[in-house]
Amino acid sequence: MNIVAAVLTLGILGAVFGLVLAIASKVFEVKKDPREEEILSLLAGANCGGCGFPGCGGCAAAILAGTAPVTACAPAGAENAAAIAKIMGMEAPTGEREVAFVRCTGGVNAKKRFDYVGVKDCLSATKVAGGPLECGFGCLGFGSCVNACQFGAISIGPNGTAVVNPDKCTDCMACAAACPRHLIVSVPASKKVHVGCANQDKGKAAMSVCSSSCIGCGLCQKECKKDAIHVVNGVAVIDYEKCVGCKLCTKVCPRDAILPVATAEEKEKYKAIKKAQAEKAKAAAEAAAK
């Protein structure tokens with residue numbers, strides 16, 4: 001009898017507590033906006049963290065709350081961003097696709113202070129006497145950015161610096177977050193002329209640590225007909241809104257710090273053109289003076 005009574009008592013208590021919990025779950029239920037799941041389904045699903053939120057779920061919640069733009073997930077692409085905008089009752093975003101770019105082509109051209117034999121991680125390398133390179137702005141080449149990329153869009157090139165494949169890049173910028181030297185920036189995908197250096201040291205100092213460093217000479221700035229490149233804090237910077245891709249800056253750069261690097265033939269041809277123009281202007285001036 002005692003056993004039966006105990007079982008009945010436990011059964012009744014279990015039913016009562018179950019009922020209480022069921023009522024409580026309804027009373028304290030947090031209503032979830034169905035749009036959040038719709039938005040989440042349109043995100044990349046890589047949980048790369050490039051958006052700055054804790055995973056795709058955090059990104060979806062932030063978009064719904066209005067604390068993140070509908071374009072927060074770059075890997076999702078323009079089509080999905082437009083679909084998210086529609087869910088949010090907004091206009092589809094416009095603008096050119098952007099990709100990551102590494103502002104360094106030093107690699108084997110950069111002088112080393114010592115051979116680093118520690119953990120193959122860029123941040124770890126900087127903890128050892130500031131890193132193995134003489135250049136305090138150069139790519140360390142240990143692949144922290146490569147490991148951070150979930151899309152296979154970045155690799156260590158043959159010269160030892162990180163290189164982005166623009167066809168694979170989603171502009172999530174997880175690579176930028178992983179770079180302790182802050183060398184990776186977002187640039188318009190259609191633009192092909194870039195400054196491959198971030199060294200802000202003055203001419204001689206920059207020249208002494210890397211054979212392909214920008215020395216801030218300003219020749220590119222003087223040559224540009226569109227006012228699209230300027231020396232800022234000792235290093236050339238391109239204004240992509242003005243740049244038309246004429247590549248004149250690449251032909252006058254004495255350090256080959258502007259990509260794509262002009263060939264020796266292209267540089268000689270351009271010098272000949274400039275010389276002919278100068279001679280023609282001089283002759284015209286002399287004729288006008290007579």
Side-chain angles (χ1 to χ4, degrees), residues 44 46 48-52 69 71-79 81 93-107 122 137-141 143-146 148-157 159 161-200 210 212-214 216 220-221 223-253 255-262:
C48 62
C51 60
T71 55
C73 179
E79 187 176 334
T94 58
E96 183 180 349
R97 184 174 81 91
E98 297 207 339
V99 294
F101 173 73
V102 183
R103 297 182 300 153
C104 181
T105 56
C122 298
F137 301 87
C139 173
L140 295 160
S144 294
C145 54
V146 177
C149 181
Q150 302 294 312
F151 306 96
I154 191 166
S155 60
I156 301 301
N159 76 330
T161 58
V163 180
V164 175
N165 180 339
D167 294 330
K168 291 184 177 181
C169 182
T170 63
D171 198 41
C172 71
M173 300 308 285
C175 56
C179 178
R181 292 273 170 93
H182 308 296
L183 293 173
I184 306 177
V185 295
S186 184
V187 300
S190 66
K191 300 298 183 179
K192 306 303 178 186
V193 179
H194 307 288
V195 178
C197 183
N199 194 321
Q200 296 181 9
C210 181
S212 61
S213 62
C214 173
C220 55
Q221 180 174 313
E223 197 65 24
C224 183
K225 310 302 182 186
K226 301 297 181 179
D227 191 38
I229 187 166
H230 299 90
V231 175
V232 181
N233 294 326
V235 64
V237 178
I238 294 175
D239 182 340
Y240 291 106
E241 290 187 2
K242 294 180 179 180
C243 180
V244 296
C246 66
K247 301 179 185 177
L248 293 184
C249 55
T250 69
K251 295 171 183 176
V252 298
C253 178
R255 306 285 292 172
D256 291 337
I258 306 176
L259 305 177
V261 174

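Numbers here simply count residues along the sequence, with the first being 1.
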Problem set entry | For Ala262, all residues meeting side-chain contact (heavy atoms from CB on, under 4.5 Å), sequence neighbours excluded | Thr250, Lys251, Glu266, Lys267
For this session: Give the intermediate values and the outcome of side-chain contact (heavy atoms from CB on, under 4.5 Å) for residues Ile258 and Cys220.
Result: CA-CA 9 Å; Ile258 306 176; Cys220 55; 3.8 Å; yes
Seminar exercise, completed: For Asp167, the side-chain hydrogen bond (donor to acceptor under 3.5 Å, both in side chains) test, sequence neighbours excluded, returns none
For this session: List the steps and the verdict of side-chain contact (heavy atoms from CB on, under 4.5 Å) for Thr105 and Val261.
Result: CA-CA 11 Å; Thr105 56; Val261 174; over 6 Å; no
Exercise. For Ser155 and Val146, which heavy atoms make the closest approach, and how far apart are they?
Worked result: CA-CG2, 3.7 Å
For this session: Please identify each residue that fulfils side-chain contact (heavy atoms from CB on, under 4.5 Å) with Pro166, with sequence neighbours left out.
Result: Val99
Seminar exercise, completed: Taken in chain and number order and not counting sequence neighbours, the residues that satisfy side-chain hydrogen bond (donor to acceptor under 3.5 Å, both in side chains) with Asp239 are none
Problem set entry | Closest heavy-atom pair and its distance - Cys104, Cys139 | SG-N, 3.3 Å
Exercise. Can you list the steps and then say if Val102 with Thr161 is a side-chain contact (heavy atoms from CB on, under 4.5 Å)?
Worked result: CA-CA 8 Å; Val102 183; Thr161 58; 5.6 Å; no
Donor-acceptor list for residues 225-236 side chains, cut-off 3.5 Å, not counting sequence neighbours:
from, atom 1, to, atom 2, distance (Å)
Asp227, OD1, His230, NE2, 2.6
Asp227, OD2, Lys242, NZ, 3.2

Seminar exercise, completed: Sorted by chain and number, sequence neighbours left out, salt bridge (charged side-chain N to carboxylate O under 4.0 Å, His left out) with Glu223 holds for Lys274
Seminar exercise, completed: Ala44 and Cys73 have their tightest heavy-atom pair at N-SG, 3.6 Å
Problem set entry | For Gly152 against Cys149, the heavy-atom pair lying closest together | N-SG, 3.5 Å
Exercise. What distance do Arg103 atom CZ and Leu259 atom CG have between them, rounded to the nearest 0.5 Å?
Worked result: 13.0 Å
Going by atom type alone, with no hydrogens or angles, which donor-acceptor pairs under 3.5 Å involve a side-chain atom of residues 172-191 and a protein atom two or more places apart or on another chain?
from, atom 1, to, atom 2, distance (Å)
Arg181, NE, Gly136, O, 3.3
Arg181, NH1, Cys135, O, 3.3
Arg181, NH1, Gly138, O, 2.8
Arg181, NH2, Gly130, O, 3.0
Ser186, OG, Glu98, OE1, 2.7
Ser186, OG, Asp171, OD1, 2.8
Ser186, OG, Asp171, OD2, 3.2
Ser190, OG, Glu96, OE1, 3.3
Ser190, OG, Glu96, OE2, 2.4
Lys191, NZ, Tyr240, O, 3.4
Lys191, NZ, Cys243, O, 2.7

For this session: Please name all residues satisfying side-chain hydrogen bond (donor to acceptor under 3.5 Å, both in side chains) with Arg255, sequence neighbours left out, ordered by chain then number.
Result: Ser213
Seminar exercise, completed: Taken in chain and number order and not counting sequence neighbours, the residues that satisfy side-chain contact (heavy atoms from CB on, under 4.5 Å) with Lys168 are Ala153, Asn165
Problem set entry | Counterpart residues, side-chain hydrogen bond (donor to acceptor under 3.5 Å, both in side chains), relative to Gln221 (two or more places apart) | none
Seminar exercise, completed: With sequence neighbours left out, the residues meeting ring pair (Phe, Tyr, Trp, His ring centres under 6.0 Å) with Phe137 are none
